[in-house]
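Keep in mind that the numbers below use all heavy atoms, side chains included, and drop hydrogens, waters and symmetry copies. Each ligand, and each atom within it, is numbered from 1 in the order the structure gives.
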Amino acid sequence: MPPVRTEDEWIDYNQYRQQLQAAWLRLSDVDPPLNPRLIGEPGLGKTTLACAAARALRSDVYIFQCTVDTRPEDLVVTPVITGNRKIEYRASSVVSAMIRGGILILDEGNRMPEKAWASLAPLLDGRRYVDSTIAAIRIPAAPDFRMCVTMNDDSSVFDLPGYIQSRLKPKIELLPPPWAIKEEIVALKCPGVDAELLNRMFAELKARAAQQCGDSVRDILSLAQYARKLQHGNFDQPLRKAIEQILTAPGATAAT
Ligand SMILES: Nc1ncnc2c1ncn2[C@@H]1O[C@H](COP(=O)(O)OP(=O)(O)OP(=O)(O)O)[C@@H](O)[C@H]1O
Ligand SMILES: [Mg+2]
């Protein structure tokens, strides 16, 4: 699997990027790098932070998207039948990162069942290898290999078993950014939005926050982008229309 090419920038706050990079440091030959867990609400910026922190270390980034259907072998090596009826063994992005010494992001880790996590246990402690039962080989990680896991704290996910939780430390819990940072993020990711529209948008968002609406950073970016498109198309009341179609009505439970 090739590394991912992401240019998505991260504006740091609460020193999250430094915490993540500190966890990956190796201060001596016997000092192991840690496997941090980034936890936070959906759309808060966890994947973006992990990619940006990895890129800042000039490392190749590999992402494995975890799902409820992830099987242990999907994380390691899977057999594929080729055109001339031969069996080829394909390495996962986990193994590609391990061999090439890149940084692996296990994205949405707690969507993955315990059985799949069990196959990663030796990779997450001092052993730093995985076994492929299908290819009957043991694959050691290169010294530069690092990893982190992102996780949502919603209820539609598995609780990780204790022996896996204890290998995924430190736990870096992301809180939503302060308003000034949200404004910086919008300015960076949606350049060209009219200042007047932005002012009205943030006034609405602050009023909604007082009603515990929980709009994520992703929601705010989508709102700014859509309101701008509507304004460009000469819609009446572009902001009102965008709020109606992008954000969850106050009092509604889940973002859809
Ligand atoms: N501090 C930040 N600096 C720059 N961009 C940010 C920041 N926080 C969030 N974003 C932007 O918000 C959007 C959502 O971020 P991202 O996809 O990383 O969130 P997530 O927490 O991984 O979401 P999910 O739980 O759905 O996977 C992206 O467009 C990202 O660029
Ligand atoms: Mg994500």
Side-chain angles (χ1 to χ4, degrees), residues 3-21 23 35-57 59 61-70 75 93-94 97 103-112 147-160 168 170-193 198 201-202 205-206 208-209 213-229 242-243 246-248 253-256:
V4 291
R5 305 254 163 258
T6 72
E7 298 303 322
D8 210 5
E9 279 181 71
W10 168 258
I11 295 177
D12 203 28
Y13 60 100
N14 299 352
Q15 295 186 301
Y16 291 132
R17 183 167 36 204
Q18 273 149 282
Q19 292 173 44
L20 186 52
Q21 289 174 342
N35 312 306
R37 228 183 315 169
L38 296 178
I39 303 180
E41 297 164 6
L44 188 55
K46 302 176 292 295
T47 310
T48 307
L49 165 61
C51 288
R55 259 200 339 268
L57 298 175
S59 184
V61 184
Y62 296 79
I63 299 184
F64 185 95
Q65 198 65 45
C66 305
T67 73
V68 286
D69 299 319
T70 302
L75 288 158
S93 47
V94 176
I103 294 184
L104 168 70
I105 301 169
L106 277 178
D107 213 15
E108 316 254 351
N110 47 345
R111 301 205 181 277
M112 192 161 74
M147 64 165 289
C148 71
V149 184
T150 76
M151 292 184 180
N152 278 333
D153 52 8
D154 64 40
S155 53
S156 64
V157 293
F158 293 102
D159 267 341
L160 292 187
L168 296 177
K171 190 166 91 179
I172 302 175
E173 290 189 68
L174 269 71
L175 297 171
W179 288 107
I181 298 283
K182 286 180 183 163
E183 287 175 26
E184 260 188 71
I185 297 171
V186 173
L188 177 75
K189 303 276 162 101
C190 319
V193 187
L198 269 192
M201 183 182 93
F202 274 102
L205 287 169
K206 285 174 190 170
R208 287 171 55 85
C213 281
D215 304 317
S216 70
V217 177
R218 183 184 290 128
D219 293 335
I220 295 175
L221 285 173
S222 305
L223 179 68
Q225 284 154 357
Y226 189 46
R228 185 178 178 219
K229 291 179 204 295
I243 288 178
I246 301 266
L247 303 182
T248 312
T253 44
T256 47

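Close approach of ligand 1 to Ile185 is summarised as follows: ligand atoms under 4.0 Å from at least one heavy atom of the residue are 1 (N), 2 (C), 3 (N), 4 (C), 5 (N), 6 (C), 7 (C), 8 (N). Below 4.0 Å from some heavy atom of Val217 lie the following atoms of ligand 1, by number and element: 8 (N), 9 (C), 10 (N), 12 (O). Remark: ligand 1 atoms within the under-4.0 Å shell around heavy atoms of Asp8 are 30 (C), 31 (O). Atom numbering of ligand 1 starts at 1 in the shown order; those under 4.0 Å from a heavy atom of Gly43 are 14 (C), 19 (O), 20 (P), 21 (O), 23 (O), 24 (P), 25 (O), 26 (O). Contact atoms of ligand 1 toward Trp10: 1 (N), 2 (C), 3 (N), 4 (C), 7 (C), 8 (N) (distance under 4.0 Å to a heavy atom of the residue).
Contact annotation: Asn152 has at least one heavy atom less than 4.0 Å from an atom of ligand 1. Heavy-atom separations between Glu184 and ligand 1 are all 4.0 Å or longer.
With values rounded to the nearest 0.5 angstrom, Leu38 atom CG is found 11.5 Å from Asn152 atom CG. From Met112, atom CE reaches atom CG of Asp107 across 11.0 Å, with rounding to the nearest 0.5 Å. For the atom pair CD of Glu41 and CZ of Arg218, the computed distance is 11.5 Å after rounding to the nearest 0.5 Å. Distance check: Leu174 CG to Tyr16 OH gives 5.0 Å after rounding to the nearest 0.5 Å. Rounding to the nearest 0.5 angstrom, the gap separating the CD atom in Gln65 from the OG1 atom in Thr47 is 7.0 Å. The structure places NZ of Lys189 at 13.0 Å from CD1 of Ile220, a figure rounded to the nearest 0.5 Å.
For atom 22 (O) of ligand 1, the closest heavy atom belonging to the protein is Thr47 OG1, 2.7 Å. The protein non-hydrogen atom at the shortest distance from atom 1 (N) of ligand 1 is Ile11 O, 2.8 Å. At the shortest separation from atom 5 (N) of ligand 1 among protein heavy atoms lies Lys189 NZ, 2.8 Å. When only non-hydrogen protein atoms are considered, atom 17 (O) of ligand 1 lies nearest to Arg218 NH2, 2.9 Å. Of the protein's heavy atoms, Lys46 NZ, 2.7 Å lies nearest to atom 21 (O) of ligand 1. For atom 4 (C) of ligand 1, the nearest non-hydrogen atom of the protein is Glu9 O, 3.1 Å. Of the protein's heavy atoms, Leu221 CD1, 3.6 Å lies nearest to atom 29 (O) of ligand 1. Of all protein heavy atoms, the one lying nearest to atom 19 (O) of ligand 1 is Gly45 N, 2.9 Å.
A donor-acceptor pair is defined here as one N or O able to donate and one able to accept, closer than 3.5 Å; no such pair exists between the side chain of Glu183 and the backbone of Leu198. Between the side chain of Lys46 and the main chain of Gly40, a donor-acceptor pair closer than 3.5 Å is present. Under a 3.5 Å cut-off, the side chain of Arg55 and the backbone N or O of Thr6 do form a donor-acceptor pair.
Among all heavy-atom pairs drawn from Pro178 and Tyr13, the shortest one is CD-CD1, 4.1 Å.
Residue contacts with ligand 1 for Thr48 involve both N, CA, C or O and side-chain atoms from C-beta outward (heavy atoms, distance under 4.0 Å).
Side-chain N/O atoms of Ser222 and Asp219 include no donor and acceptor closer than 3.5 Å. Using a 3.5 Å distance cut-off with no hydrogens or angles, the side chains of Trp10 and Asp8 do not pair a donor with an acceptor.
Here the Mg ion (ligand 2) has protein N, O or S atoms under 2.8 Å from it, and they come to 1.
Between Leu49 and Ile172, every side-chain heavy-atom pair lies at or beyond the 4.5 Å cut-off.
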